[in-house]
Amino acid sequence: MPTMTFAQALNDAHKLEMLRDPNIYVAGEDVGIYGGIFGVTGGLLDQFGPKRVRDTPITESAIVGTAVGAASCGLRPVVELMFVDFIGVALDQLFNQAAKMKYMFGGKAKIPMVLRATCGAGIGAAAQHSQCLEAWFMHVPGLKVVMPSTPADAKGLLISAIRDDNPVVFLEHKMLYALEGEVPAGDYTVPLGKADIKREGKDVTVIATAQAVHTALSAAEKLSADGISVEVLDPRTLNPLDEEAILESVRKTHRLVIIHEAVKFAGAGAEIAAMVAEKAFDRLDAPILRVAAPFVPVPFSPPLEKEYIPSEEKLIRAVKTVMES
Amino acid sequence: MPTMTFAQALNDAHKLEMLRDPNIYVAGEDVGIYGGIFGVTGGLLDQFGPKRVRDTPITESAIVGTAVGAASCGLRPVVELMFVDFIGVALDQLFNQAAKMKYMFGGKAKIPMVLRATCGAGIGAAAQHSQCLEAWFMHVPGLKVVMPSTPADAKGLLISAIRDDNPVVFLEHKMLYALEGEVPAGDYTVPLGKADIKREGKDVTVIATAQAVHTALSAAEKLSADGISVEVLDPRTLNPLDEEAILESVRKTHRLVIIHEAVKFAGAGAEIAAMVAEKAFDRLDAPILRVAAPFVPVPFSPPLEKEYIPSEEKLIRAVKTVMES
Amino acid sequence: MDISKEKMVEMYTIMSRIRMFELRVSELFAAGKIPGFVHLYAGEEAIATGVCANLLGSDYITSTHRGHGHLIAKGGEIQFMMAEVLGKKTGYCKGKGGSMHIADVALGILGANGIVGAGPPLAAGAALACQYQDKGAIAVCFFGDGASNQGTTHEAMNLATCWKLPVVFIAENNMYGISSCTLNSMCVPNIADRASAYDMPGVVVDGNDVMAVFEASGEAIKRARQGQGPSLIECKTYRHRGHFEGDPCAYRRKEELEEWKEKDPIPRFEQKLVALGVMSAEQVREIQDTLKKQLEEAERFAEESPFPDVSELMSDVYTA
Amino acid sequence: MDISKEKMVEMYTIMSRIRMFELRVSELFAAGKIPGFVHLYAGEEAIATGVCANLLGSDYITSTHRGHGHLIAKGGEIQFMMAEVLGKKTGYCKGKGGSMHIADVALGILGANGIVGAGPPLAAGAALACQYQDKGAIAVCFFGDGASNQGTTHEAMNLATCWKLPVVFIAENNMYGISSCTLNSMCVPNIADRASAYDMPGVVVDGNDVMAVFEASGEAIKRARQGQGPSLIECKTYRHRGHFEGDPCAYRRKEELEEWKEKDPIPRFEQKLVALGVMSAEQVREIQDTLKKQLEEAERFAEESPFPDVSELMSDVYTA
Ligand SMILES: Cc1ncc(C[n+]2csc(CCOP(=O)(O)OP(=O)(O)O)c2C)c(N)n1
Ligand SMILES: Cc1ncc(C[n+]2csc(CCOP(=O)(O)OP(=O)(O)O)c2C)c(N)n1
Ligand SMILES: [Mg+2]
Ligand SMILES: [Mg+2]
């Protein structure tokens with residue numbers, strides 16, 4: 001299997017799908033001549049030309065809105081929002097139009113589109129370029145929400161997202177772009193709605209998303225030295241959420257810790273914890289803990305940003321806490 | 001104590017505060033000459049004139065954005081978004097500007113503003129005029145989120161919100177506007193961050209918000225006939241969330257059911273359930289259940305909308321389920 | 001202008017169908033049979049009718065909260081519309097959408113819309129699909145004077161010119177956005193004046209003259225079809241009724257309404273066609289009778305249709 | 001134009017201070033000392049300087065991601081800016097904001113901003129406060145050519161004219177929004193052409209000529225102060241560096257940059273002032289030396305300042 005970065009895997013997915021389906025177009029700010037601020041769409045303009053790879057003005061409502069309109073008329077747009085933090089100027093077209101059209105029209109519409117965006121802290125990009133907002137998208141019936149953690153998942157999930165006939169929000173953590181890993185060549189999909197056990201364990205389930213998956217894997221390695229066997233489960237898609245896989249793991253370990261980078265309050269972890277507290281309450285031997293960002297905007301200064309991002313140490317402490325109770 | 005409707009109580013709060021503080025202005029679509037689509041701002045234009053009561057063009061980004069700018073320069077805007085469903089065209093100014101300015105500026109800003117909006121289903125207003133989106137606002141550090149259920153709370157909370165030096169999102173369920181109740185005359189506040197026990201009980205805690213408080217009270221009455229004593233707790237503000245009051249109630253009853261009208265998945269109830277599953281796990285005798293809307297857009301047709309809104313029957317069933325386990 | 005008598009009669013028929021449908025809707029609303037919000041187009045029928053008379057089945061439109069007229073003019077059938085407005089299973093949206101969301105993508109109708117200003121980006125997107133597929137189809141965006149101040153409208157117009165999209169923006173300037181008079185919500189006299197901000201043609205037309213609308217929009221539509229990019233046509237008009245049914249309309253002067261009723265596009269066109277000998281008084285009566293029968297049938301169909309079963313609540317959210 | 005020699009020398013000094021500060025920031029960024037994104041204003045200094053020379057301390061500005069120049073011109077002190085850019089506790093924002101969020105409300109600086117197009121509504125709001133408080137203060141909104149296509153900009157301009165707000169919109173047209181050339185992102189030659197969509201004055205000015213900017217913006221600011229409402233001034237310019245530090249800038253021709261470097265506003269103004277006898281070559285050297293020393297001190301101050309303690313992570317979210 002070839003080795004490539006997360007960004008290259010996403011690039012590969014774009015190219016393969018665009019070759020397969022002429023109805024796919026890519027649009028967004030700086031996706032063409034620049035190749036994407038993080039390089040994800042590099043080379044697409046040369047390969048597919050300006051009809052299919054469209055640099056846009058700074059106009060997110062129109063980027064997303066034209067995608068919705070075009071999708072309802074037969075195209076399959078893959079549009080980039082650059083930073084997910086910019087969703088505030090384009091959200092209506094996503095949640096009131098793309099997500100609801102099919103339902104409002106009694107089934108008479110189909111909106112096959114992907115909205116890609118980068119998320120997450122770690123490079124000092126501060127409060128308006130570092131957020132994790134997946135919980136918002138999860139709360140919208142009609143959307144799907146994808147958040148990969150490895151190059152292979154990124155490629156397989158993006159291809160699935162592009163082939164899906166529903167609007168999909170595809171969130172790429174910016175600290176992952178340079179991550180290398182083996183990625184199956186050619187046509188290869190990871191189904192939406194299927195979690196992945198990134199490490200098997202029997203004492204405690206740690207559910208982690210995106211960049212936090214790697215924090216969890218590293219914590220699990222250290223905890224194994226203390227004799228604690230951690231199962232790391234990566235939902236990969238937050239909607240559909242693979243509840244069965246989560247419940248199965250918790251029924252085995254009887255303990256659950258959730259880690260994600262978004263602020264804890266009303267974050268994705270709340271839904272997962274609540275779901276387990278409803279459906280596997282009797283199998284739990286300890287409180288469900290969430291390790292997540294504190295309730296503050298993302299700070300700029302490196303020591304503050306470092307403290308903001310949920311750390312391995314905090315996760316280890318949480319795991320030990322649930323092991324002790 | 002005078003009796004007034006929820007809408008009149010809100011109107012009263014506006015008038016009292018505007019008399020008290022000349023820096024308060026009210027702006028929004030149809031808040032002036034029309035008096036607000038639901039009548040909440042009726043009479044303000046006549047009483048306070050067009051400088052302080054401003055009809056705007058249809059321009060939500062600018063309505064909210066000018067409020068943020070004006071608030072940072074010393075005014076105290078109270079602006080109306082009409083339907084909370086419209087937030088998608090104005091969200092950036094709320095979550096990236098109003099909520100974050102103080103923090104990003106190292107404390108050197110103060111944004112005392114209130115954003116009022118109506119929410120909720122029940123009048124056949126369909127998918128784009130019936131949503132409950134409080135979970136989104138809860139997830140934003142820097143905002144406060146208020147959601148009253150009675151005329152007295154509405155008045156007292158709105159006055160507190162106006163006097164608060166932070167951006168406050170104030171959500172009014174449209175089915176409550178005509179609800180009558182006793183309301184203290186004159187200057188009267190309900191503090192932000194304090195839950196209210198709307199009915200005391202000992203067997204099970206039901207946490208309910210906005211319109212669902214009344215569903216819960218009515219269910220509690222019926223359940224008492226079956227010998228089940230239900231405590232109904234209304235958080236009133238979702239951020240700050242009165243965790244202590246919630247935990248205290250759960251420590252007493254050992255059982256928790258949450259009801260709200262927003263879709264269940266990643267809704268406000270998820271945070272409450274997760275918080276309790278973390279902090280009062282050992283005091284729980286049963287799974288935490290959530291009664292909320294299914295994961296669909298709000299439908300138009302009356303029988304569908306009725307089925308969509310979390311009902312007394314569903315709540316009674318959930319309470320009986322937790323009582324049996 | 002090259003237009004057949006049949007076409008003119010058809011336009012008259014469509015305008016009358018819209019009016020008749022809506023007046024009945026207004027009665028049903030007053031009788032408590034229609035939930036939610038109902039925004040009537042009465043007084044503005046010449047616009048949708050004149051514009052859509054230039055469109056083919058393969059063309060697209062986006063509409064607004066005030067959508068009945070656009071939909072009927074684009075080929076929407078009144079029995080399915082009536083069923084939808086009443087929340088019935090046989091409605092265009094199975095009762096899930098209601099008046100504010102009637103749609104039929106197969107007819108090129110991308111939906112009425114509850115969000116002011118949501119249509120322009122959607123229409124630009126439909127136009128992008130048309131351009132991309134290169135089959136000569138185009139998109140038309142109906143929007144109000146109020147929507148003209150919304151940022152989304154600006155963005156859509158700008159992007160449409162940058163990409164030379166085959167879209168025609170039809171501003172329906174009825175002087176009010178709910179209670180906000182255009183005099184207070186914009187400082188230019190014409191919405192069409194804003195076309196120059198994008199270097200697209202901007203034209204003002206009498207929105208109560210169906211032939212004028214037909215001709216002006218026909219030019220713009222031809223331009224779009226020929227790949228010459230977007231245009232903006234502003235149609236000056238007035239709504240006869242409140243913003244929505246139930247609006248006391250205290251923000252408008254009675255005389256203003258009376259003046260505009262004098263310019264009611266339907267009697268005006270009727271008189272013109274009779275004067276020109278295109279229709280006889282007899283024919284007018286026949287048309288009205290037929291429309292009345294059709295409306296009665298549509299209403300019967302809608303009334304007799306069942307409400308959707310509660311089991312349908314959960315379907316149509318996702319495409320499998 | 002009625003302007004003292006001192007004022008001209010001051011303007012020259014401010015432009016030079018901005019340039020010198022930023023070139024040092026660029027070196028520190030290259031050395032890996034500055035996290036996040038840094039957008040430099042080099043080449044555009046005449047705009048902020050010329051505009052702010054008309055402003056009082058009580059006036060407000062909103063800035064952009066490319067904010068250093070605006071902030072220095074409005075009175076920001078470089079030691080606190082340098083400290084902020086380095087993430088230090090002594091920075092304008094205690095290190096919490098960084099380059100994209102430097103602000104000081106007390107100086108009338110409502111913040112650099114990471115969201116393109118967020119400034120115009122904020123500036124309109126500041127202007128509303130000025131109008132409301134009626135103390136003669138005004139607001140200035142700096143925004144880019146790219147931001148001009150954002151819906152928020154349209155909304156702010158429209159509302160500002162409707163309410164006759166004392167705000168001046170300064171479009172900094174440097175021909176690019178990251179890699180997007182204005183030729184592809186708008187179809188009108190001038191952003192100022194869009195002023196007519198709101199019935200406000202729109203003026204194009206050479207953004208590399210500080211005196212021209214000073215005069216044109218001075219007129220607009222006077223208008224605003226006198227209660228005559230908003231204006232739009234477009235300043236044509238060019239950025240010398242990439243969009244952000246680290247941008248390879250492959251989307252621009254080298255020659256284009258060279259041509260514009262010929263029009264560099266700082267040597268141009270320097271030569272003019274020397275030729276006019278306003279400054280001597282000697283004085284120029286003195287000014288440069290002083291600036292250099294001030295910069296060194298500022299950098300020392302910033303370098304020696306501590307990072308914020310992690311305990312500060314949780315403060316400043318809410319006002320008690
Ligand atoms: C984004 C948004 N803001 C506000 C509203 C509430 N609203 C519905 S229709 C309307 C007036 C629209 O005015 P205009 O565009 O002129 O259309 P008209 O009603 O006159 O046909 C308003 C403010 C809305 N539905 N969506
Ligand atoms: C809403 C939003 N969209 C996109 C971006 C990413 N972005 C940052 S600066 C920039 C270009 C801005 O161009 P312009 O307004 O011309 O300002 P300039 O950089 O040329 O000074 C873009 C696209 C952003 N920060 N915010
Ligand atoms: Mg109107
Ligand atoms: Mg630019």
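We use all heavy atoms of the structure for the numbers below, so side chains are in, but hydrogens, waters and symmetry mates are not. Reminder, nothing fancy here: chain letters follow the sequence lines and each chain counts from 1.
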Task: Exam field: side chain Glu261(A) to backbone Ala121(A), donor-acceptor pair closer than 3.5 Å - done: yes
Task: Side-chain (Asp85(A)) to main-chain (Ser130(A)) donor-acceptor, under 3.5 angstrom - done: yes
Relative to chain A, which segment of [X] carries a heavy atom at a distance below 4.5 Å: side chain, backbone, both, or neither?
| X | answer |
| --- | --- |
| Val38(D) | neither |
| Val317(D) | side chain |
| Asp316(D) | neither |
| Met100(D) | side chain |
| Asn113(D) | both |

Please rank [options] by heavy-atom pairs under 4.5 Å with chain A and give me the top one.
| options | value |
| --- | --- |
| Pro308(D), Ser311(D), Ser180(D), Gly177(D) | Pro308(D) |
| Lys89(D), Lys88(D), Lys96(D) | Lys96(D) |
| Asp309(D), Asp247(D), Ile34(D) | Asp247(D) |

Task: Salt-bridge criterion met for Lys254(D) and Glu258(D) (N-O under 4.0 Å) - done: no
Task: Near-ring test Tyr41(D)/His68(D), centroid separation under 6.0 angstrom - done: no
Open item on the list: Would you compute the distance between atom CZ of Phe83(A) and atom OG1 of Thr118(A) and round it to the nearest 0.5 angstrom?
Closed with: 6.5 Å
Open item on the list: Given heavy-atom pairs under 4.5 angstrom as the criterion, report whether the side chain, backbone, both or neither of Thr59(A) touches chain D.
Closed with: both
Open item on the list: Counting only non-hydrogen atoms closer than 4.5 Å, does Glu60(A) touch chain D with its backbone (N, CA, C, O), its side chain (CB onward), both, or neither?
Closed with: both
Open item on the list: Is there a side-chain contact between Phe170(A) and Leu158(A) in this structure, where contact means two heavy atoms from C-beta onward sitting under 4.5 Å apart?
Closed with: yes
TODO: Taking the side chain as every heavy atom from C-beta outward, state whether Arg116(A) and Val79(A) have any pair of such atoms under 4.5 Å apart.
DONE: no
